[in-house]
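Working notes, beginning with the structure itself.
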Amino acid sequence: VPAYKSSDSALRVEQPQIDDAGNCAIVVANSTCAPAPSSTLSIQLPETQAEHAFWSSAEGVELQPLEMKKSDDGSYQFKLPEILSAGIIYLFNNHEPLLGIKQIEGCERLSADKWTSQLEPGQTVKVLVQVANPSGKKASAGVLKLAAYSDWKVTPASVETSELLPGEM
């Protein structure tokens, strides 16, 4: 039984997971075989200071900003993208930056999972990494390091990241 009901009967919204800092993650699943179209999810949540929301689908690890509004009655409205199978809403107030990776282009996919990249030895691919600040405070500049197997060549092995404002990617 879903924790919350959605106006879109195809969606199942699970019990929000909230840590001691008030960071909240909400799993939203599609309960049909067809993609669930973009819709607005309206749910009651415990009080949070979070001002920014991000979405990541179950089919990948890419992040996207999620439009969020808080109503006077304490409910939250999220403008959800099309949902193939499931995804997660990140509603964080006090958290380190989140990392996302856009789907790797120019490579084969596993036959059992068209979202998983299958790389061949010696193949060159471009990996686009996202850094998102979900918190209500600035995130300091830093260094992002891409880790890979010891026999893989990664260029550049690290990049400097700039300071991120709240909600910035």
Value for OG (Ser140) from CD (Glu163), rounded to nearest 0.5 Å, stands at 6.5 Å
Going from CG on Leu91 to CD on Glu51, what distance comes out if it is rounded to the nearest 0.5 angstrom?
10.5 Å
Measure across Leu63 and Gly100 and return the closest heavy-atom pair with its distance rounded to 0.1 Å.
CD1-N, 3.8 Å
Main-chain N/O of Glu82 paired to Ser38 side chain as donor or acceptor, under 3.5 Å:
no
Got a second to check how far Leu41's CG is from Ile26's CD1, nearest 0.5 Å?
7.0 Å
Is any side-chain heavy atom of Leu66 closer than 4.5 Å to a side-chain heavy atom of Phe54?
no
Which atom of Ser31 lies closest to which atom of Leu11, heavy atoms considered:
OG-N, 4.3 Å
Could you measure the distance from the CG atom of Leu98 to the CD atom of Gln130? Nearest 0.5 Å is fine.
10.0 Å
Minimum-distance pair of heavy atoms, taken over all atoms of Pro134 and His52:
O-CB, 4.1 Å
Taking all non-hydrogen atoms of both residues into account, name the closest pair between Gln77 and Ser42 and its distance.
NE2-OG, 3.1 Å
Count the heavy atoms belonging to other residues, nucleotides or ligands that lie under 6.0 Å from NZ of Lys79, then report whether that count exceeds 12.
yes
What pair of heavy atoms forms the shortest contact from Asn30 to Leu84, and how long is it?
ND2-O, 3.3 Å
Checking Glu59 side chain against Ser85 main chain: does a donor-acceptor pair fall under 3.5 Å?
yes
Looking at Gly142, is its backbone amide N or carbonyl O close enough to the side chain of Thr161 to form a donor-acceptor pair, meaning the two atoms are under 3.5 Å apart?
yes
Count the heavy atoms belonging to other residues, nucleotides or ligands that lie under 6.0 Å from CG of Asp20, then report whether that count exceeds 12.
no
Can you tell me if Thr32 uses its side chain to pair, donor with acceptor, with the backbone of Ala34 under 3.5 Å?
yes
In terms of relative ring orientation, are Tyr76 and Phe78 parallel, tilted or perpendicular, with 30° and 60° separating the classes?
parallel
Side-chain heavy atoms under 4.5 angstrom apart, residues restricted to Ile, Leu, Val, Met, Phe, Trp, Tyr: same cluster for Val159 and Trp152?
yes
Could you see if Phe92 belongs to whatever hydrophobic cluster contains Ile43? Use Ile, Leu, Val, Met, Phe, Trp, Tyr and a side-chain cutoff under 4.5 Å.
no
Distance-only, no hydrogens or angles: does the Asn23 side chain make a donor-acceptor pair with backbone N or O of Asn93 under 3.5 Å?
yes
Heavy-atom closest contact (Pro16 atom, Cys24 atom, distance):
CB-SG, 3.7 Å
Please indicate whether Lys70 has more than 12 foreign heavy atoms, meaning atoms of other residues, nucleotides or ligands, lying under 6.0 Å from its NZ.
yes
Please round to the nearest 0.5 Å and tell me the distance separating atom CD of Gln17 and atom CD1 of Ile88.
8.5 Å
Spell out, as yes or no, whether a donor-acceptor pair under 3.5 Å connects the side chain of Asn133 to the backbone of Pro97.
no
Within this structure, what is the CG-OG1 distance for the pair Leu80 and Thr40, rounded to the nearest 0.5 Å?
7.5 Å
